[in-house]
Colleague: 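Sending over a structure as structure tokens; questions will come in a sec.
Both ligands and their constituent atoms are indexed starting at 1 by order of listing.
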Amino acid sequence: MATHSWLHWPAWFRTRSPLAGSPLTFGGSDDLRDPAEAKAWKNRRRRVQVSMKLGKSQLLFSTQEQTPQICVVGSGPAGFYTAQHLLKHHSQARVDIYEKQLVPFGLVRFGVAPDHPEVKNVINTFTQTARSDRCAFRGNVVVGGDVTVPELREAYHAVVLSYGAEDHRALGIPGEELPGVLPARAFVGWYNGLPENRELAPDLSCDTAVILGQGNVALDVARILLTPPEHLEKTDITAASLGVLRQSQVKTVWIVGRRGPLQVAFTIKELREMIQLPGTRPLLDPADFLGLQERIKEAPRPRRRLTELLLQTAEKPGLEEAARQASASRAWGLRFFRSPQQVLSSPDGQRTAGIRLAVTKLEGVGEATRAVPTGDVEDLPCGLVLSSVGYKSRPIDPSVPFDPKLGVIPNIEGRVMDVPGLYCSGWVKRGPTGVIGTTMNDSFLTGQALLQDLQRGLLPTGPRPGYSAIEALLSSRGVQPVSFSDWEKLDAEEVSRGQGSGKPREKLVDPQEMLRLLGR
Ligand SMILES: Cc1cc2nc3c(=O)[nH]c(=O)nc-3n(C[C@H](O)[C@H](O)[C@H](O)COP(=O)(O)OP(=O)(O)OC[C@H]3O[C@@H](n4cnc5c(N)ncnc54)[C@H](O)[C@@H]3O)c2cc1C
């Protein structure tokens, strides 16, 4: 999924973001605009610089800073890995993890495909973290709604924003609103039991589906659409979506990219799974791959191996493979150099009947390669269009700087620009690329930056009430948080509901029912 390494982000970002007073900082109540806070912040920094010169940074530790109250917003991998780092490297730190869903784990539960159970093993580590005496899960709390970021900053010594990237990028083309056009992420949420997508009911009565975008999410969606349903029976896919998939008429899935085979964003593991998917055959046009063998000689190894696999798949298959493909009833294909121009409607204007693609060509070199339209178009009949052209974070609180263009919180190595005591990690920090491992590394770095600032005396001093203050606020607002032991009850219920059908769990998808099970 990642096309560039997370390691490059901080330096890259620094060259682009002289943010003080820039339009990227909006809202108006960040601390440096408050002269008193700004002065205190400068003084603290001066004290640190002096004491560090003297080699006396330890002198800055106050009693309160030895028992720091820290709050993390979001319980996906970024939130949990940041908490894990803080608890491991500071023996007194207390961490509260706030989450708007009733349940923890973010995209590990609601994104990772049901047929990739091994990826979800990270949940075991997160569970250990959550069970620590110094950690608490506060589910069912929308930060920026039920409680504001300034309220959290008032209650805690530091706040880490790890709330992911939930918005999808719109296609911005005519016909996008037609029934039959869906964000791939909603489709994923539907089969993974995300409560807000449980009513999605995608119409799978068409023969052909088109997925726009060529990343791993696109391949996940294509794979789920084409996997024989009986192969999904023992996964944690929701019973309702499996029922719809059993009735599916979709036989062909086109995965469409603006650029060429050298620019695909998926990884070799996911491609290999597609190639080996039972009952399916690949539709690749050898003409798309002409001359690539030569061009990839100098490419980095992962890109070279991926392209070689594509080339091999596009070649005429051997006898055994040809026989397998001949018996396949479903097909998937990659279409390159095509950019969506318009969703075409059925004659009655009621639903999607196809998509008009602009033929593109590449301009520029390396990372700057862009797809530009040639003027030619191609109409591709299809009844379902799933767009997977990227995600972005949304601003959740006007007091937090936000870069609407990049869709991230402007930060330097996890320190939110211009707002002392505020940090970020995960997709909201560096954008929606990278696997869980990438998110883990960047979250550890944020945890490290926070602890460094704490040690250097850069965080607010004085006692902070932590959760007790927020609990009172939430209670006055009628919000009842869900604790980790509440989640463990729901977890046990899900596991027990899955047992009859041999599934790891049957996910609860109705928040009302979940609250009822918790006696609320
Ligand atoms: C469809 C899909 C499949 C993927 N499959 C894989 C895979 O197989 N392997 C892999 O390694 N990686 C996979 N990834 C990538 C991986 O999921 C991400 O790297 C990782 O989840 C990012 O972590 P995060 O904590 O930044 O965001 P998230 O996992 O999105 O966590 C953010 C959390 O914050 C919560 N939140 C949001 N707003 C608020 C708010 N206002 N108040 C309180 N809480 C809030 C959300 O509910 C969520 O729980 C996949 C991603 C997607 C989209």
Colleague: Considering L194, T439, L107, V72, which one's heavy-atom position lies nearest to atom 28 (P) of ligand 1?
Modeller: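 When every heavy atom of L194, T439, L107, V72 is considered, L107 comes closest to atom 28 (P) of ligand 1.
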Colleague: Could you tell me how the ring of F187 sits relative to the ring of Y191: parallel (under 30°), tilted (30 to 60°) or perpendicular (over 60°)?
Modeller: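 Taking Y191 first and then F187, their aromatic rings stand perpendicular (interplane angle over 60°).
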Colleague: Would you call the rings of F80 and F105 parallel, tilted or perpendicular if under 30° counts as parallel and over 60° as perpendicular?
Modeller: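 Tilted, since the angle between the ring planes falls between 30° and 60°.
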Colleague: Taking only heavy atoms of G106 into account, list the atoms of ligand 1 that are under 4.0 Å away from them.
Modeller: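 Checking each atom against G106, I get 29 (O), 48 (C), 49 (O).
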Colleague: Give the atom numbers and elements of ligand 1 that come within less than 4.0 Å of a heavy atom of G74.
Modeller: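 Ligand 1 atoms under the 4.0 Å threshold to G74: 33 (C), 34 (O), 35 (C).
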Colleague: Should V188 be counted as touching ligand 1, given the test is an N or O pair under 3.5 Å?
Modeller: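 For ligand 1, there is no N or O atom that lies under 3.5 Å from one belonging to V188.
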Colleague: If we only count heavy atoms from C-beta on, is the L515 to Q480 side-chain gap below 4.5 Å?
Modeller: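 Of all side-chain heavy-atom pairs linking Q480 with L515, none is under 4.5 Å.
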Colleague: To the nearest 0.5 Å, how far apart are CG in L178 and CD1 in I355?
Modeller: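 One finds 10.5 Å between CG of L178 and CD1 of I355.
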Colleague: Can you tell me which portion of V435 lies within the under-4.0 Å heavy-atom range of ligand 1? Options are side chain, backbone, both, or neither.
Modeller: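 Looking at V435 and ligand 1, atoms from backbone and side chain both fall under 4.0 Å.
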Colleague: Please determine whether salt bridge (charged side-chain N to carboxylate O under 4.0 Å, His left out) holds for the pair R477 and D146, giving the CA-CA distance in whole Å, both sets of side-chain angles, and the decisive distance to 0.1 Å.
Modeller: CA-CA 7 Å; R477 293 168 189 168; D146 298 328; over 6 Å; no
Colleague: Drop me the distance from Q214's CD to S388's OG, to the nearest 0.5 angstrom.
Modeller: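 So the gap between those two atoms works out to 10.5 Å.
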Colleague: In ligand 1, which numbered atoms sit nearer than 4.0 Å to a non-hydrogen atom of G76?
Modeller: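 This gives 25 (O), 29 (O), 31 (O), 33 (C) as the contact atoms.
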Colleague: On the 0 to 90° scale, with breaks at 30° and 60°, tag the Y391-W427 ring pair as parallel, tilted or perpendicular.
Modeller: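 Aromatic pair Y391/W427 classed parallel.
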Colleague: How are the rings of F444 and H85 set relative to one another: parallel (under 30°), tilted (30 to 60°) or perpendicular (over 60°)?
Modeller: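 Tilted.
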Colleague: On a heavy-atom basis, I'd like to know which of G111, P104, G434 is closest to atom 3 (C) of ligand 1.
Modeller: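 Answer by nearest heavy atom: G111.
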Colleague: Under a plain distance cut-off of 3.5 Å, with no hydrogens placed, do S425 and S162 share a side-chain donor-acceptor pair?
Modeller: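 Per modelled atom types, S162 and S425 side chains form a pair under 3.5 Å.
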Colleague: Test your reading of the model: is there a side-chain donor-acceptor pair from R330 to the backbone of L225, 3.5 Å cut-off?
Modeller: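 Yes; judged by distance alone, with no hydrogens or angles, the pair exists.
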Colleague: Backbone or side chain, does any N or O of Y391 fall under 3.5 Å from an N or O of ligand 1?
Modeller: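 No.
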Colleague: Below 3.5 Å, N or O to N or O, backbone or side chain included: is there any such pair between I436 and ligand 1?
Modeller: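 Between I436 and ligand 1 (N or O atoms, distance only) the closest approach is under 3.5 Å.
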Colleague: Please determine if V108 has a nitrogen or oxygen closer than 3.5 Å to a nitrogen or oxygen of ligand 1.
Modeller: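 In this structure, V108 places no N or O atom under 3.5 Å from an N or O of ligand 1.
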Colleague: So for ligand 1, is G426 a polar contact partner (N or O within less than 3.5 Å, distance only)?
Modeller: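 Not met; the criterion fails.
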Colleague: Just to verify, what does R131 make a salt bridge (Lys or Arg N to Asp or Glu O under 4.0 Å) with, not counting sequence neighbours?
Modeller: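 For R131, the residues satisfying salt bridge (Lys or Arg N to Asp or Glu O under 4.0 Å) (neighbours in sequence not counted) are E488.
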Colleague: Look only at interatomic distance and state if E99 has a nitrogen or oxygen under 3.5 Å from any nitrogen or oxygen of ligand 1.
Modeller: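 E99 vs ligand 1: N/O contact under 3.5 Å present.
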Colleague: May I ask whether S162 places a heavy atom under 4.0 Å from ligand 1?
Modeller: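 Heavy atoms of S162 do come under 4.0 Å of ligand 1.
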Colleague: Kindly confirm or rule out an N or O of W427 lying under 3.5 angstrom from an N or O of ligand 1.
Modeller: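 Indeed, backbone or side chain, W427 has an N or O that close.
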Colleague: Purely on distance, is any nitrogen or oxygen of Q101 under 3.5 Å from one on ligand 1?
Modeller: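 No.
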Colleague: I'd like the name of whichever of H168, K100, H116 reaches closest to atom 44 (N) of ligand 1 through any heavy atom.
Modeller: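 Among H168, K100, H116, the closest heavy atom to atom 44 (N) of ligand 1 comes from K100.
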Colleague: Not counting sequence neighbours, which residues clear salt bridge (Lys or Arg N to Asp or Glu O under 4.0 Å) with K269? List them please.
Modeller: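 Per chain and number, K269 pairs via salt bridge (Lys or Arg N to Asp or Glu O under 4.0 Å) with E118.
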Colleague: So if I count the atoms of ligand 1 from 1 in the order they appear, which ones are less than 4.0 Å from some heavy atom of D220?
Modeller: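 It comes down to these atoms of ligand 1: 3 (C).
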Colleague: Considering distance alone, does some N or O of V143 sit under 3.5 Å from an N or O of ligand 1?
Modeller: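 V143 vs ligand 1: N/O contact under 3.5 Å present.
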Colleague: As an exercise, identify every atom of ligand 1 less than 4.0 angstrom from a heavy atom of V141.
Modeller: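 Going through ligand 1 atom by atom, the ones under 4.0 Å from V141 are 42 (N), 43 (C).
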